[in-house]
Protein chains: 2
Amino acid sequence: MNAPDKLQQLLTLTREPFPQSRKVYAPGVQPGVQVPMREIVLTNGETVTVYDTSGPYTDPAADINIRRGLAPVRSEWVAARGDTEAYEGRARVALDDGGKHGEVADARIEALRAEAAGLQRQPLRAKAGANVTQMHYARKGIVTPEMEYIAIRENGKREWMKEYLGDAEREARLKGNGMGARIPDVITPEFVRDEVARGRAVIPANINHPEVEPMIIGRNFLVKINANIGNSAVTSSIEEEVEKLVWSIRWGGDTVMDLSTGKNIHTTRDWIVRNSPVPIGTVPIYQALEKVGGVAEDLTWEIFRDTLIEQAEQGIDYFTIHAGVRLPFIHLTTKRRTGIVSRGGSILAKWCITHHKENFLYTHFDEICEIMKAYDVTFSLGDGLRPGSGADANDEAQFAELKTLGELTQIAWKHDVQTMIEGPGHVPMHMIQANMDEQIKHCHEAPFYTLGPLTIDIAPGYDHIASAIGAAMIGWMGTAMLCYVTPKEHLGLPDRDDVKQGIIAYKIAAHAADVAKGHPGQRARDDAMSKARFEFRWRDQFALGLDPQTAEAYHDETLPKDSSKEAHFCSMCGPKFCSMKITQDVRDYAAAKGLSEEQALADGMARKSEEFKAVGGEFYVPVDSLKNKA
Amino acid sequence: MNAPDKLQQLLTLTREPFPQSRKVYAPGVQPGVQVPMREIVLTNGETVTVYDTSGPYTDPAADINIRRGLAPVRSEWVAARGDTEAYEGRARVALDDGGKHGEVADARIEALRAEAAGLQRQPLRAKAGANVTQMHYARKGIVTPEMEYIAIRENGKREWMKEYLGDAEREARLKGNGMGARIPDVITPEFVRDEVARGRAVIPANINHPEVEPMIIGRNFLVKINANIGNSAVTSSIEEEVEKLVWSIRWGGDTVMDLSTGKNIHTTRDWIVRNSPVPIGTVPIYQALEKVGGVAEDLTWEIFRDTLIEQAEQGIDYFTIHAGVRLPFIHLTTKRRTGIVSRGGSILAKWCITHHKENFLYTHFDEICEIMKAYDVTFSLGDGLRPGSGADANDEAQFAELKTLGELTQIAWKHDVQTMIEGPGHVPMHMIQANMDEQIKHCHEAPFYTLGPLTIDIAPGYDHIASAIGAAMIGWMGTAMLCYVTPKEHLGLPDRDDVKQGIIAYKIAAHAADVAKGHPGQRARDDAMSKARFEFRWRDQFALGLDPQTAEAYHDETLPKDSSKEAHFCSMCGPKFCSMKITQDVRDYAAAKGLSEEQALADGMARKSEEFKAVGGEFYVPVDSLKNKA
């Protein structure tokens, strides 16, 4: 079997639709706006609609061919704006894939490049003098199709969900605490535009990535999560990376960063971008460093600039740029427990020290902005001096860089370039709020994009949990996107299951944050789950969960029979003690008597309790399939 | 192989000492006080001392015989107080193990009971008029050996750890936020006494459980975690339950609740208590219900009272008593999404409604106190009306019960009976603080003991994570003990690995809380880990982690060779990009030149950077064992 066929086979498994789920598309007003959602159809006839990051892969009707890439849903919108031009593009050189000048790539990569011929597109760029960023349009008052798409996507079926939540007492009691966020009852396209114009939200959507299903990152929207993938000479291949992408978005990755290093990264990126419905981010310095043979001090602005253009032409939606690692800050890290732990940060620190010069990303920042706005690449201003341990949290180096990132944000905004700010890292719980406060203060409400943070350092093998705690908290406080951490953090490269574990932990953190912030309708899925629990609709419980297969498998370990899925009890208490069943019995009894339970109690007559006793024998349903415990 | 031999074999595996660890005992002033700790010996000669819940099982020198039980470390202390008497005790009846009157138990259980003959002890009780609770002694000004033991245990090697943390700038920056806790620099035996006397902490230590290694639960001490075990007719056996106990404390369970229902629970309990160095809690209503054939309305005060005495004589350290499920509150649950989810709560609700009478635990509360103080059993006042979904969080039913628990606390304290308060359950993040505030307000600072709380409802299969978020937060806010949740929550009965997953998640939550609260010395283990990371001491990183084997296994998946354990890089970045290595190189360079890095930068001379470049070639150590990425 050749490599792409193996990939196709893997994808068949990864594409399996979720149980009881169907893909639906909500149309917008503007042409071509068709917003995908997942509808979970419950056995009681209800449906719950959930945000869907999985793209066409979970649509059984979609014709997926990874050699051709996904359909370019945004192409017509980009074309209609009339401010772009197709051009020849930068010539590909062997160096792009890690080869030396004149070197012939190995046969396998050549074959993959040939396979990927169908993935090549002629690049677009802004016409001379034009600015094609969503921020630029927003500031001109234009509501783009992307913005309308996002409004529909963020709302989901909000009205229905609000109704589902019902009950005024409950609504008042559970009212969220936005911690400073201003979340409207209904997200309108105009609200999206306004948030983007202010810089409080970004829409990472390179004009050369027309396959992207638009999404937004901002404090007043749903909290997003990012998954990192990336090849490794030892353990992974291009095919696996594409499959990991599809796998990541299946479980809820809102964006994916391709952190590949070493050989073949250009070709890998072609495959990834063309097959990705979510924005792709990269750290261009990694590739630039490859081009100079891994010698940091040999990096130059010219090589870096060329790499930015190379990747912008391919369609990368956001770039991590470590422009805040300034020469005068580096010495602040020498007393740290763990120095500089950001790979990009350390590369630049080394460059600065070796040459005793200011960071060339800082000195050339305006020129970088010119590139960003020609393709609408979003800045993710990297925190190269983030703490690598609780001991280094919130120190002078970290906050000095953060202030610089705030200054750079204002420069980017002068160019109408979309910008978000990366954050730590390792921060004990009681020091998390200060991170959010400082970020808002210095970065003018540009979206915050944090890694974790990890609340403790002693949980190798479980850092997805140690960091999900910090992620949920900082998400509630206002972080717009959470970069996941896998169980392999600090230990090794994540495999497929690690990626899933990391994503699920971060979906939990993000959803916990959304619920706490009080996003309208976000609690509906939880409520539907609770109702299904109370009514012993086991299949609905699985379907409503973040990972239906695992939930069902765990249930079946104790009660494997199909009949158990209908049983009005579960293995935890068995048929006799089920507290939910007792509550239900109490209600049923009251209903049968035409009394509310309150009345039933209030009347205080012994007769009532006698009647209750008389029906009591029916409270318990002996089930032969289970050994009775008593 | 007979059952106990199989158990013995399992225990051999479970007893394996942790890598690089040795058991040490810190002596007290009072006779027989020998406090166990685990010393992790690092490869650089440092040691880190950690709190050790694992009991004699991880001491290679200990002679463990599960047919005989553990050594009764507390017996002499109890005897020396001269206020107890041995007595015949309640006669065992077939009903205690789920048999009917006159029924012969099955052969296997008879065999296990015979095996357990060595486990039988003649029970002790308070002499007439005496009160043997730690609270009673505390209020009389007596510092018991248990209190001294706890002071030593809570401190660990605090002075050394403080020194380890070093650096005044770091200490000031990382200073904890106790959120109202008052944690002294050094825990003295007198401080322990005072906290117990005030009711702000409890020492669960039945006089009939002399095997217990004393521990404390209170807001001003380290946050503790509880693991639940319990037999099930379908999937587990007595042997497995004992092994689960040992397994639970190996990973850090501070107390264990035996939630067994059905047959053989008396015999199971004998095995568990006699082999447990940690306090054991139960929910006596479960056994009482067995005795009436599972028919809640047939429960009587007499049967319940007899069960309390039965279990108190066996040595149970704390009882969950659902005395707050009052008749007038039950109707408050009828509008809930998930009604009553506590098993004990629903049993009592059913009893109340059927008889239309007040809860007999409430009406007989004084009599229960009399039993508790005759054995020093601690109250864990159950939250029978806790919310079973986010939708029901913080509602009237929940808080009505909480207030009642506060009233009952004051009654218990009149009897000098130690008391803690159970709490939810399911609570969205933004509603957690209110739980802590209400508990402190109404329950007079009696220790709070919460289950989770779960922050969202849609994560079946991952509820250990969804709840670890809430647990870490409420632990920081002041909860004294966190009841774990396993991945099987809401789905099935936890197996051995689920128990471990739940405990590790909760150790993370508890440690994150301790770090945030600023417990002196608690960050030392984190700092030692960070230092080991920076210095590439891989074996030390594994040894310092909560789960050394898993960390090592994950590391070895990418870099299996032994030489990699010494390598100054890891699989995440490979040998070329290691940011930690670059930082180290920067420091080494500066040191070699006799300059601080700051000076090296400040002098600004090009010569310096030339010199730096000259040694630059040595920054990278090519390693043949890894395929080079570039």
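Sequence lines set the chain letters: A, B, ... in the order given, protein chains first and strands last, and positions in each chain run from 1.
- Comparing G176(A), G470(A), G344(A), A553(A) by heavy-atom pairs within less than 4.5 Å of chain B, the highest count is held by G176(A).
- Ion pairing of R173(B) with D395(A) is absent here, as no side-chain N (NZ or NE/NH1/NH2) approaches a carboxylate O to less than 4.0 Å.
- S389(B) OG to R523(A) CZ: the interatomic distance, rounded to the nearest 0.5 Å, is 8.0 Å.
- Here D457(A) contributes atom CG and D527(B) contributes atom CG; the two are 7.5 Å apart, rounded to the nearest 0.5 Å.
- Between atom CH2 of residue W476(B) and atom OG1 of residue T455(A) there is a gap of 11.0 Å, rounded to the nearest 0.5 Å.
- With respect to chain B, the highest number of heavy-atom pairs below 4.5 Å among D167(A), D392(A), I432(A), D495(A) belongs to D392(A).
- With a 4.5 Å cut-off on non-hydrogen atoms, L174(A) touches chain B through its backbone and its side chain both.
- Only the side chain of D463(A) has a heavy atom closer than 4.5 Å to any heavy atom of chain B.
- The choice from A391(B), A551(B), A528(B) that makes the most heavy-atom pairs within less than 4.5 Å of chain A is A391(B).
- When every heavy atom of A516(B) is checked against every heavy atom of M429(A), the shortest pair comes out as CB-CB, 3.9 Å.
- A side chain to side chain contact (heavy atoms under 4.5 Å, CB included) with S530(A) is found for one member of R337(B), R336(B), H426(B) and no other, namely R337(B).
- Residue contact with chain B, scored on non-hydrogen atoms closer than 4.5 Å, involves the backbone of K175(A) exclusively.
- In the displayed structure, E396(B) atom CD is contacted under 6.0 Å by at most 12 heavy atoms of other residues, nucleotides or ligands.
- Residue with the most contacts toward chain A among H430(B), K507(B), R170(B): H430(B) (heavy-atom pairs, distance under 4.5 Å).
- Residues satisfying the ring pair (Phe, Tyr, Trp, His ring centres under 6.0 Å) criterion with H511(A), sequence neighbours excluded, are absent altogether.
- Interface remark: R525(A) contributes backbone and side-chain atoms alike to the contact with chain B (heavy atom separation under 4.5 Å).
- Neither the backbone nor the side chain of P494(B) comes within contact range of chain A; no heavy atoms are under 4.5 Å apart.
- Remark: E557(B) engages K488(A) in a salt bridge, criterion side-chain N to carboxylate O under 4.0 Å.
- Taking 4.5 Å as the limit, every side-chain heavy atom of P460(B) sits out of range of all side-chain heavy atoms of H555(A).
- In terms of heavy-atom proximity, V515(B) sits nearest to P428(A) at CG1-CB, 3.8 Å.
- In this structure D547(B) satisfies the side-chain hydrogen bond (donor to acceptor under 3.5 Å, both in side chains) test together with Y462(A), K500(B), T550(B), sequence neighbours excluded.
- With a 4.5 angstrom heavy-atom cutoff, M179(A) does not touch chain B via any of its atoms.
- Just one residue in the list L454(B), I458(B), I465(B) forms a side chain to side chain contact (heavy atoms under 4.5 Å, CB included) with I508(A), and that residue is I465(B).
- Distance CD/Q541(A) to NE2/H490(B): 8.5 Å, rounded to 0.5 Å.
- If you take CD1 on I456(B) and CG on L546(A), they are separated by 5.5 Å, rounding to the nearest 0.5 Å.
- Neither the backbone nor the side chain of P548(A) comes within less than 4.5 Å of any heavy atom of chain B.
- What you find for F542(A) and L491(B) is that their closest heavy atoms are CE2-CD2, 4.1 Å.
- When each of N177(A), L544(A), I504(A) is scored by its heavy-atom pairs under 4.5 Å with chain B, the top score falls to I504(A).
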